[in-house]
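Worksheet: the structure to be examined is printed underneath.
Note that this is a predicted model, so its numbers are computed, not measured.
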Number of protein chains: 2
Amino acid sequence: MRLTQTAEYALRAMAYMANLPEGAAIRARDLAVPTAIPPHYLSKLMRHLVVAGLIHSQKGHGGGFALARPLDQITLEAVLAAANVSLVLGDCAFGWHQCNATKPCPLHNAWTRLQTATTHWARHTTLADLRGADLSVFEDRMGISLTGEVRKADASTP
Amino acid sequence: MRLTQTAEYALRAMAYMANLPEGAAIRARDLAVPTAIPPHYLSKLMRHLVVAGLIHSQKGHGGGFALARPLDQITLEAVLAAANVSLVLGDCAFGWHQCNATKPCPLHNAWTRLQTATTHWARHTTLADLRGADLSVFEDRMGISLTGEVRKADASTP
DNA sequence: CTTTCAATGGACGCAATTGTCCATTAACAT
DNA sequence: ATGTTAATGGACAATTGCGTCCATTGAAAG
């Protein structure tokens, strides 16, 4: 189990997108600013989220990224998995091949408890749970204006 | 929050020592084998545990490491802290300066839930909870004999 | 068709973590 | 005193994670 920097970035990016208007698309660099993620690094990360099927990507003029599913159908577990982060360290903290309840390693029970808690959290928390903070909060904190840069994916651009 | 490799090593080492006979001492290299921790790396790690006051160290002939406190007075939180591992990632997953319940970042609530669960686990799990698996389990798994190498710290060597 | 825009992919540099080696120091035994 | 033992500490190498740069591809606009 390892919550890396990349994992945190992935959660930030998806949490931000969860607070965009329904079906809205956003460019990587517009997403990088309010989430304080290094732009080029974010691009790589977004690709992972795309191949995992969590978001869609659109190239060229008017392109960007948009969520591929309803908010309540994207779990944090899926997001972390897409970022190559596993909350599961392995079968056993001691690296034993067969470590079960009948013949446990010293850490088995304690490890299982933590494992259960974190897995439950990741599996039952969805992007729908990350809503509520409207984007003005971001503007307040980062000192930028986002409204002009958030565009509808299928919106007719005047 | 980051459960690193080093953190896992620290937990392994302490979990193993928790299953030694009361007050027993063990050499670093004898500890390295059954826990599958790189010997030299373990030595460094043990030093951290010493300065944190969790274990005692004895140099020279008949020396080794022994727990410095009763099992139920050594929490996993203390072990992880000694290994320079903090379960707390920061005040806010978004890196905001002021992120609280009234003006939360999108991840605030979800993040707090995970934080609470892991902290509670680390704080309320002690080495006493890691007992039960006797050392024969280690021998079975690793294919080694430990009995001859585990010695009492104050035992009179014949 | 040409231009512009934004994602994509590969290569590379940097930093932290992890892992190894060796000389030194301290304690015990003979 | 001398030798053996084991922790200590510093230096160093390897690996991994993090971050940047730039050329390419695909798509929309003119």
Side-chain polar contacts of residues 49-60 of chain B - donor-acceptor pairs under 3.5 angstrom, sequence neighbours left out - could you list them?
none

Could you work out, with side-chain contact (heavy atoms from CB on, under 4.5 Å) as the rule, every residue matching P70(B), not counting sequence neighbours? D72(B), Q73(B)
Listed partners of A117(B) passing side-chain contact (heavy atoms from CB on, under 4.5 Å), at least two apart: A117(A)
For dG19(D), does OP1 or OP2 lie under 4.0 Å from any side-chain N or O of Y9(A)? yes
For residues 36-47 of chain B, pull every pair meeting side chain to side chain donor-acceptor pair (under 3.5 Å), keeping only residues two or more places apart or in separate chains. T6(B)-Y41(B)
Can you tell me how far P of dC5(C) sits from CG of D30(A), to the nearest Å? 13 Å
Tell me the ring pair (Phe, Tyr, Trp, His ring centres under 6.0 Å) pairs involving residues 62-86 of chain A, sequence neighbours left out? none
Ignoring backbone atoms, establish whether T6(B) has a side-chain N or O less than 4.0 Å from OP1 or OP2 of dT18(C). yes
Residues forming a side-chain contact (heavy atoms from CB on, under 4.5 Å) with E77(B), sequence neighbours excluded: T75(B), T119(B), A122(B), R123(B)
For T116(A), all residues meeting side-chain contact (heavy atoms from CB on, under 4.5 Å), sequence neighbours excluded: T112(A)
Atom-pair distance (CG on L45(B); C1' on dG19(C)), nearest Å: 13 Å
Treating primed atoms plus P, OP1 and OP2 as sugar-phosphate and everything else as base, which nucleotides of nucleotides 7-13 of chain D get B, S or - for protein heavy atoms under 4.0 Å? BSBBB--
Atom pair distance, as rounded to whole Å: CD in Q5(B) and P in dG17(D): 11 Å
Nearest-Å distance for atom pair CG/C1', residues N84(B) and dT18(C): 14 Å
Measure OH/Y41(A) against P/dA7(C) and give the value in whole Å, please. 18 Å
Could you give the angle between the helix axes at the two ends of the helix from dC1(C)-dG30(D) to dT30(C)-dA1(D), with five pairs per end, rounded to 10 degrees? 10°
Indicate yes or no for a side-chain donor-acceptor contact from N19(A) to the backbone of L130(A) under 3.5 Å, with no hydrogens or angles considered. yes
Residue closer to the 5' end of DNA chain D, H61(A) versus P39(A) (nearest nucleotide): P39(A)
Does G64(B) offer a backbone N or O that forms a donor-acceptor pair with the side chain of R27(B) under 3.5 Å? no
Could you tell me the separation between the CD1 atom of I55(A) and the P atom of dA6(C), rounded to a whole number of Å? 16 Å
